Amino acid sequence: MALNNIYYVDMKQRFIDYQKEIPIDLLSECISEGNVNLAFRKLSESSGKYSLGADGTNIDTINDANLNTLDLCEIVRERIINKIVNPVRRTYISKENGSKRPLGIGSIWDKLTQMCIKLVLEPIFENQFVPSSYGFREQVSTHNALAKVKFFTNGTAKHHFIVNIDLKDYFGTLDPKIMRRELYAGGIKDKYILNYIFRLIRCGYIEEDMFYHTDTGAPQGSILGPLLSNIYLHRTDIWVREQYENWHDKSVKKFHNVDNKGQNFKKTNLKRGVHVRYADDMLILCPSLEHAKRWYHALARKLEIGLKLTVNHEKSSIIDISKGETFRYLGYEFYYSKKHRTSSQQLDKKRMAKIVSEAKRRLRELRKYPKLQNVLNWNAFVRGTHNYFKGMTNFSISFSKIHWRINRLFRHVMKCIAKFTDTKKSEEEKHNNAQRKWIDMQGYKTWGRNGWWVIARTPVLELGWANWDKTLIGHLRQKVNRTNPYDYGEKAHKPGVSLNEIAYLVNTSNYIGSYSMRYRNYRVSLYSSLHGVGYLTGEKVDVANYHCHHVLPKSKGGSDAFNNLVILTADEHRILHSKNYIQLLSLCKQSKKYIKRANFLIEQVHGVMICNK
DNA sequence: CAGAGTCCCAA
RNA sequence: AUAUUGGGACUCUG
């Protein structure tokens, strides 16, 4: 495992280490080679890697700068120690209610630095966060939070009074001093890290070439933002849970008696209520109105005075679902079904309208451009929407309503550009079986349907094809396995490449000359993913003998992209680039496949075709 | 099985 | 050009 640290830091092990002891010196953890490598890879995978910061930098700035990992370590160290944070570039995205939400896009250097810090702070706090905080956490999703809400509002648990606290501009009102206090309380003693984050909150932003100062708030869009927002409310989470869910744990020792918890609870002055938080969306589910009122006032007071946040009292409320009131949470609308004597969920009107208008927009585009890509986009839209909402009890009803609202347009568009496959006509049955199988595989049953529409040999999924998935927010989902969030289960052991070999490649990758960071990483990934098997022989190439070759040379416009790289031996590489490149054919394995490959490489490098007949 | 890409949803 | 975190689905290459 130690060797693995040279390449990427092992988060699973780090989580275990920090469980025992949090290091005082977190700076060295942040700027270790394995940590910086992992941080860079995460940035390379992020969808916004090409968006420009206020200083005009993005991921390509690093790739074009001819830097290696050690250079990046030094840059990160400089920025943390000297508290260097560029102002963020401000843009806006429109929200559902029509208003705009400001985004702050940092420079690539800030992104890298923050990712390095995040990879260290996150496992520390993952050891402490409460299980009822569901937002922004590894291996936890909105459905886990919804499962808990469903469980406690349903017939047997009877927590029908919902305290719903809405915070105004939560990210924007984070206070730097309180942030520092909460970090320290969580065990962060490194003054460099504390000071850097203090500075980050006050970094300011640039809009239309003007600089604006900020006193509070983590930029929305910064890498540390989501984690910091969880840390800020962490001790409040604990306070809430000690009142009821964990009341006998520490806070009220004299009543500690697990056998008759309910009776002893009455002797205390504690409030009953179950805690569910997703980022700034807080709920407390209470069994009685009296407790709900006490919760509302106590919690609002704590947030406003203790944490200097702004509670939006117009939007915050106490809801009694047994009296027919509804509430929306994470896209689901909860209501109480008297018929079934349990809480149920459905799509609210606004969201239904949004899905309808989005569907119409996509259908019109599909009619205009009936390309394969647009069909795939439509199917992805249908599947994505279904996958999110299919846990609602009223899923089928809600989506058949949507279906009827778009049906006219849908049928019209399909008649223009698609062909209907009728399952009752048996002539083409063989040909249709593959499509039928595919649709069934997606979880959409074809059994009992008249048929389906086909564009470019691809079946078109329909919004009305909806099957409720009762396990998605079932009671088993509310509790999340927190033994180790970075443990994704046993991966099948891949024989062929040892950690020693990886370590060797990583070490040399810092000294192979002027190449991009992307190339340095891909060079290792390529060898690892192909088990070191050479392109021209099909046999394993020794690491010391491994050369990573650009198929289309960079001088001819070839890139460092993964699919432009192949594994060669040092000899093969030398001969390929020399004048005697014909000899390459004798070096490769003399089968049709490898001869073809050798010819291909020569053609790409030298621009000549060789006839080997 | 692993690498890189596309798309969807929530906050 | 529109970020971040988390979840989900699919495609390609060997």
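Letters A, B, ... mirror the listed sequences (proteins, then strands); counts begin at 1. The model shown is predicted, which means the values in this text are computed figures rather than measured ones.
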Any N/O pairs under 3.5 Å between the protein and nucleotides 5-7 of chain C? List them or say none.
| from | atom 1 | to | atom 2 | distance (Å) |
| --- | --- | --- | --- | --- |
| C:U5 | O2' | A:F136 | O | 3.2 |
| C:G6 | OP1 | A:E138 | OE1 | 3.4 |
| C:G6 | O3' | A:Q139 | N | 3.3 |
| C:G6 | O2' | A:V140 | O | 2.3 |
| C:G7 | OP1 | A:Q139 | N | 2.9 |

Give me, pair by pair, the N or O atoms of the protein and of nucleotides 9-14 of chain C that are less than 3.5 Å apart, along with how far apart they are.
| from | atom 1 | to | atom 2 | distance (Å) |
| --- | --- | --- | --- | --- |
| C:A9 | O2' | A:R383 | NE | 2.7 |

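With sequence neighbours excluded, no residue satisfies side chain to side chain donor-acceptor pair (under 3.5 Å) with A:Q604. A:Y50 is linked by a ring pair (Phe, Tyr, Trp, His ring centres under 6.0 Å) to nothing, counting only residues two or more places apart in sequence or in another chain. Listed by chain and residue number, A:Q128, A:F129, A:I238 satisfy the side chain to side chain contact (heavy atoms under 4.5 Å, CB included) test with A:H234 (two or more places apart in sequence, or in another chain). Take A:Y515 and apply the side chain to side chain contact (heavy atoms under 4.5 Å, CB included) test, not counting sequence neighbours, and it matches A:I512, A:Y519, A:R520, A:H550. For A:N144, the side chain to side chain contact (heavy atoms under 4.5 Å, CB included) partners at least two apart in sequence or on another chain are A:Y134, A:V140, A:S141, A:R477, A:V480. Take A:T569 and apply the side chain to side chain contact (heavy atoms under 4.5 Å, CB included) test, not counting sequence neighbours, and it matches A:V541, A:N545, A:D571, A:E572. In this view, A:N387 and A:K390 satisfy the side chain to side chain donor-acceptor pair (under 3.5 Å) rule, not counting sequence neighbours.
In terms of position on DNA chain B, the residue among A:Y50 and A:R101 whose nearest nucleotide sits closer to the 5' end is A:Y50. Comparing A:L330 and A:N377 by the nucleotide of DNA chain B whose heavy atom lies nearest to each, the residue mapping closer to the 5' end is A:N377.
If you measure from atom OH of A:Y329 to atom P of B:dA10, you get 14 Å, rounded to the nearest angstrom. Here C:A3 presents its C1' atom at 10 Å from CD of A:Q220, a figure rounded to the nearest Å.
Within residues 199-212 of chain A, no residue is approached by RNA chain C to less than 4.0 Å at the level of any non-hydrogen atom.
Annotation: ring-ring contact (aromatic ring centres under 6.0 Å, His included) contacts involving residues 358-379 of chain A, sequence neighbours excluded, comprise A:W378-A:F381. Contacts classified as salt bridge (Lys or Arg N to Asp or Glu O under 4.0 Å) and involving residues 139-149 of chain A (residues at least two apart or in different chains) are given here: A:K148-A:E245.
Residue contacts for A:I93: at a heavy-atom cut-off of 4.0 Å it reaches a base atom on one of the strands shown.
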